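For reference, the structure discussed in these notes is given below.
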Amino acid sequence: QVQLVESGGGLVQTGGSLRLSCAASGTFFNINLMGWYRQAPGKQRELVATITLGAFESTSYADAVRGRFTISRDNAKNTVNLQMNSLKPDDTAVYYCNAVVQQGLLSGGMDYWGKGTLVTVSS
C-alpha cells in the first residue's frame, strides 16, 4: 500500500509564502517521480511542478509558477517540498501531491495521489 500525505496549506495574503510538504509511505519498490498539481474551483487540475527522485535530478515547472515556486526532494525520506513565494490570488487552489510509484521489481509506474491541502491567497 502507498499513502501520500500533504501538509503546509493555509491562508496567506498576496505576496506571502507557504511551504508544502508531501511524504510517501507504505510498501513499494521505488518512487521515480513526485510532484504537485493544483485544482482551483471550477477549473481542471493542472501541473505545478515535478521532480525526479532518481540519481539524476530533474525538475519541471508550470509557466505560471516558474521563478516563484521551488520544488525540492529528500530521497531518503521519500518526501517532496514546494516552497511557494510571491503568492497571488490565482494560486488559490487545492494542491495535490502526486507520485509515480513502482510497487515491485517487475511493476511499471503507477500514479498515486494525496487527498490535497488547501492554499488560499487573499487579495
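A quick note: this is a predicted structure, and the numbers were derived from the prediction, not measured. Values reported hereafter were calculated over all heavy atoms of this structure, with side chains retained and with hydrogens, waters and symmetry mates removed. For the single chain, residues carry numbers from 1 onward in sequence order.
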I need the minimum non-hydrogen distance between [X] and [Y], along with the two atoms involved.
{"X": "Arg19", "Y": "Ser72", "value": "NH2-OG, 4.0 Å"}
{"X": "Leu47", "Y": "Ser60", "value": "CD2-OG, 4.5 Å"}
{"X": "Thr79", "Y": "Lys77", "value": "OG1-O, 3.0 Å"}
{"X": "Ala55", "Y": "Arg73", "value": "O-NH2, 4.1 Å"}
{"X": "Ala24", "Y": "Ile31", "value": "CB-CD1, 3.4 Å"}
{"X": "Ala93", "Y": "Arg38", "value": "CB-CB, 3.8 Å"}

Heavy-atom distance under 4.5 Å between the side chains of [X] and [Y], does that happen here?
{"X": "Ile51", "Y": "Glu57", "value": "yes"}
{"X": "Asp111", "Y": "Val100", "value": "yes"}
{"X": "Thr50", "Y": "Asn98", "value": "no"}
{"X": "Tyr95", "Y": "Val48", "value": "yes"}
{"X": "Tyr96", "Y": "Arg45", "value": "yes"}
{"X": "Met110", "Y": "Val101", "value": "no"}
{"X": "Gln103", "Y": "Thr27", "value": "no"}
{"X": "Leu20", "Y": "Val119", "value": "yes"}

When hydrophobic residues are tied together by side-chain contacts of less than 4.5 Å, even through go-betweens, does [X] share a cluster with [Y]?
{"X": "Tyr61", "Y": "Tyr37", "value": "no"}
{"X": "Tyr112", "Y": "Leu33", "value": "no"}
{"X": "Trp113", "Y": "Val5", "value": "no"}

Atom [atom1] in [X], atom [atom2] in [Y]: separation rounded to 0.5 Å?
{"X": "Asn30", "Y": "Ser107", "atom1": "CG", "atom2": "OG", "result": "11.5 Å"}
{"X": "Leu18", "Y": "Thr120", "atom1": "CG", "atom2": "OG1", "result": "9.5 Å"}
{"X": "Gln13", "Y": "Ser123", "atom1": "CD", "atom2": "OG", "result": "10.0 Å"}
{"X": "Leu82", "Y": "Met34", "atom1": "CG", "atom2": "CE", "result": "11.5 Å"}
{"X": "Ser25", "Y": "Leu4", "atom1": "OG", "atom2": "CG", "result": "7.5 Å"}
{"X": "Trp36", "Y": "Phe69", "atom1": "CH2", "atom2": "CZ", "result": "11.0 Å"}

Does Ser86 reach the main-chain N or O of Gly15 with its side chain, forming a donor-acceptor pair under 3.5 Å? no

Can you check whether Val121's main-chain N or O pairs, donor with acceptor, with Thr92's side chain at less than 3.5 Å? yes

Evaluate side chain to side chain donor-acceptor pair (under 3.5 Å) for Asn85 paired with Gln83, printing each intermediate quantity in order. CA-CA 6 Å; Asn85 298 325; Gln83 179 66 45; 3.0 Å; yes

Electrostatic pair Asp63-Arg66, nearest N-O below 4.0 angstrom: yes

Cationic N near anionic O, under 4.0 Å, Glu6 to Lys115: no

